[in-house]
Amino acid sequence: MSEEKKSLNFIEQIIEEDLANGIGKNNLRFRFPPEPNGYLHIGHTKAIGISFGLGEKYNAPVNLRFDDTNPAKEEQEYVDAIKEDITWLGYKWDKELYSSDYFQQLYDWSIQFIKEGKAYVDSQSSEAMAEQKGTPTQPGVDSPYRNRSVEENLDLFNRMKNGEFDEGAHILRAKIDMKHPNMLMRDPIMYRILKKHHHRTGDAWCIYPMYDWTHGESDYIEQISHSLCSLEFKPHRELYNWFKNQVYDYSKNDYPMLPKQREFARLNLSYTIMSKRKLLQLVEEGIVKGWDDPRMPTISGLRRRGYTPAAIRKFVETVGVAKRDNVIDVSLLEFCIREDLNKTAPRVMAVLDPVKLVITNYPEGKEEWLEAENNQEDEDAGFRKVPFSKELYIERDDFKEEANSKYFRLSLGKEVRLKNAYIIKGESVVKDVNGNISEIHCTYDADSLSGTGTEASLRKVKGTLHWVSIKHAKKAEVREYDRLFMDEAPDSHQDIDFMEFINPNSLKIVDAFVEPSLLDAKIGDRFQFQRLGYFSVDKDTTSNHLIFNKIVGLRDTWSKQEAIQETNKPSAKVNQSQQNLPQRKAIDIIQQLGKKYTNLPEDKQLKTKTEIQELAENVTYEELSPLFAIATKKVGTRIAAMITLGVLLNKGLQKTPEINEFIQKALDDSDPLLRAEAEAIK
RNA sequence: UGGCUUAUGGUGUAACUGGCAACACGUCUGGUUUUGGUCCAGAAGAGUCUAGGUUCGAGCCCUAGUAAGCCAACCA
């Protein structure tokens, strides 16, 4: 019954239009065409999500087609990895296909091209051809071989195919137009000689077709209705259509439908890179430990890190599809994985940075197995037992000898609850020779055990801490990851290499203590370490060495608060606090006040004006002058700027030509308020 | 000096044939809470790149600018 109509993205709109024009729902067919020369990454999931998503939406088949026309770079290993990744994401392809399946058909069409004078063999060096090709702003010139006879072309091409020539000796080019404004149309190469072993066709061919000649025709042969790719292929569309129209002439009876290429903006993620080449560099230079290193944006990396397919699919869906360049904030990816895991991950306790806690009034040698809820977000998750004893580990961060009332954790003389256990009170500390805390001593309220329902157990205390019993705790290695790059867009700088931004501290390994129930954890299992974050069991785990990857931390408003308080300390300079803090510059507030100015009732306008005048005392001319260029229709902002300017002039600012121009323009404006303000200071 | 594409809060995406600029993330309040998590309630933040034009009315249509991206591999 929910009539909620979701707005369509531009590709869906095109499809709806085509459907309305009678294309026929059964003729819809999509494809995902990876080149098997590297691992899939989060950027590919967008392309995968679009084409496979469309397949699901319209109940149409989606082919998985490996674009394997370059035997020099492509390998079976990548084919296997790509299939695994797509399957893991939960998508099902209709047919598994390879461009190399069409080599014979492509070859046959090429012969027809040659016979009809639409293609010719060129025998120049690549340098010579590059020169003749011209530049985006200069037209190219014809190759001296452009007008070879059909017979000669046929003979040469046949001998190319038979392996009679070395690589680079000849190529086959389409004959289009060397002066075409689109450089791709300047007699593009269709075939080059490559005496390489192909992962599927072996040594059957020593000429291999180029992308443009192969891709569109593969779409055509498979009768793909909509061929979706990223924006940088937009210029290729013209050539795609040209090739398509030629072969359509030959084969319209076998293949009646003409595919349609459309382009969308690729996904960029802040603080990461997406280029396969650069990702490979990280692997080869040992910056990361492999394609599936949990810091890598590859699908295999995310999988090993502990991301779920559901989270990644949600992410891609949320990101949307459009044509403008974009940079998605990683916080959105993190949100998606937290949202998923919050509902599904069992809660456990683990201490990553331990400090010893002794409960002085708890009986020596006593141990209790306390009831703990596995996941309060999931009623079916059940309960488990966790061991409790006199000596525990808690997080070093969870104790301060003295603390203000904002600190909800343990400090001397204050009470907190130990999760699933008792309320304790900080009593004293033991320090080593360096003054570091080695033990915290506390007392517990024996009647306050969680879940007993006693009055003491129901007492409200400000904080709750996680803990593990020293005697029962198991050691585990925890790998905490930080972003790989320190720059928001590491590969977008012309003059700085992306490697310069590598974060040297992207991996932190800690020895942690975890509750004993985790001994049963299997590789790939995901948990929430309470109050810390989500973690998954890494595949390096062995029977006697448990290893966890930190997937993502819990949302942490406290650490943000703390950071703000830190910079807010009286010692911090007022001036510098203006930069990093919520406190905004006077000019910004003035601008904001200005926006609403014209809508305000008169008395409020007066009040706002005084406010602006006060703020203006702290504004410099350099801050104000950009506002002179503000759009004419932003009258309010101009008024605010005018009022501010008045204050500055009063303080002795000399009029400049820019100022005069700004005032004059206001005097000529249709808005009376603006005119009045300009009049006042002119 | 060319061609193509794009321009909406900090980020991303909407706004059906012109009609109160919406949603998500992020940020900030407050409430609930045995996770400073979750959940709940709320707030701030955009005059839709600029200048003109058409119109009762423009983010959307028209004109001219500006800015950004892509295009010169025997890569895909």
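Note on naming: letters A, B, ... go to the chains in the order of the sequence lines (proteins, then strands), and numbering restarts at 1 for each one. Bear in mind the structure is a predicted one, so any value in this text is a computation, not a measurement.
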Between [X] and [N], does any side-chain N or O lie under 4.0 Å from OP1 or OP2?
X      : N      : value
A:R192 : B:rC75 : yes
A:T69  : B:rA76 : yes
A:T632 : B:rA51 : yes
A:K234 : B:rC4  : no
A:R324 : B:rU8  : yes
A:S7   : B:rC23 : no

Which part of the nucleic acid, if any, lies within contact of [X], taking any heavy atom under 4.0 Å across all strands shown: a base, the sugar-phosphate backbone alone, or nothing?
X      : value
A:K276 : nothing
A:K343 : nothing
A:S331 : sugar-phosphate
A:K419 : base
A:D325 : sugar-phosphate
A:L332 : sugar-phosphate
A:F233 : base
A:R347 : base
A:R338 : nothing
A:E395 : nothing
A:H180 : nothing
A:E35  : sugar-phosphate
A:V461 : nothing
A:D556 : sugar-phosphate

May I ask you to check whether [Y] and [X] place their ring centres under 6.0 Å from each other?
X      : Y      : result
A:Y307 : A:F315 : no
A:F388 : A:Y422 : yes
A:F157 : A:Y107 : yes

Measuring from atom [atom1] of [X] to atom [atom2] of [Y], what distance do you get when rounded to the nearest 0.5 angstrom?
X      : Y      : atom1 : atom2 : answer
A:D122 : A:R146 : CG    : CZ    : 10.0 Å
A:N268 : A:M274 : CG    : CE    : 6.5 Å
A:R347 : A:Q528 : CZ    : CD    : 4.0 Å

Using atom [atom1] of each nucleotide, how far apart are [N] and [M] to the nearest Å?
N      : M      : atom1 : value
B:rC4  : B:rU17 : P     : 26 Å
B:rA44 : B:rA21 : P     : 15 Å
B:rA22 : B:rC62 : C1'   : 27 Å
B:rU63 : B:rA58 : C1'   : 15 Å
B:rG45 : B:rC25 : C1'   : 14 Å
B:rC49 : B:rA7  : P     : 9 Å

Please give, in whole Å, the distance from [N] [atom2] to [X] [atom1]?
X      : N      : atom1 : atom2 : result
A:Q376 : B:rC40 : CD    : P     : 16 Å
A:F264 : B:rG12 : CZ    : C1'   : 16 Å
A:R173 : B:rA73 : CZ    : C1'   : 13 Å
A:M210 : B:rC74 : CE    : C1'   : 6 Å
A:M183 : B:rC4  : CE    : P     : 16 Å
A:E17  : B:rC16 : CD    : P     : 14 Å
A:N9   : B:rA15 : CG    : C1'   : 15 Å
A:E74  : B:rA76 : CD    : P     : 7 Å

Of the options [options], whose atoms approach the side-chain atoms of [X] most closely?
X      : options                : answer
A:R555 : B:rC75, B:rU27, B:rA72 : B:rU27
A:I328 : B:rU6, B:rA14, B:rG12  : B:rG12
A:P136 : B:rU35, B:rA72, B:rC25 : B:rA72

Worksheet item: Does the ring of A:F264 carry A:K46 above it, NZ/CZ under 6.0 angstrom from centre and within 45° of its axis?
Response: no
Worksheet entry | Distance-only polar pair, side chains of A:D447 and A:T454, donor-acceptor under 3.5 Å | no
Searching all strands shown, indicate the nucleotide that pairs with [N] (Watson-Crick or G-U wobble; both distances under 3.5 Å).
N      : result
B:rU66 : B:rA7
B:rG37 : none
B:rU55 : none
B:rC23 : B:rG12
B:rG2  : B:rC71

Taking donor-acceptor contacts at under 3.5 Å, does the side chain of [X] reach the base of [N]?
X      : N      : result
A:Q138 : B:rU1  : no
A:R531 : B:rG36 : no
A:E377 : B:rG37 : yes

Worksheet entry | Mutual orientation of the aromatic rings belonging to A:F535 and A:F529 [parallel < 30°, tilted 30-60°, perpendicular > 60°] | parallel
Worksheet entry | RNA chain B: 5'-proximal contact among A:E232 and A:T452 (nearest heavy atom) | A:T452
Fill in: Pairwise 5' ranking along RNA chain B for A:G320 and A:L532, keeping only the more 5' one
A:G320
Practice prompt. Output yes when A:D68 and A:R200 qualify as a salt bridge under the 4.0 Å nitrogen-oxygen rule, no when they do not.
Written response: no
Discussion item. By a 5.5 angstrom centroid cut-off and a 30 degree plane limit, is there stacking between A:Y211 and B:rA76?
Written reply: no
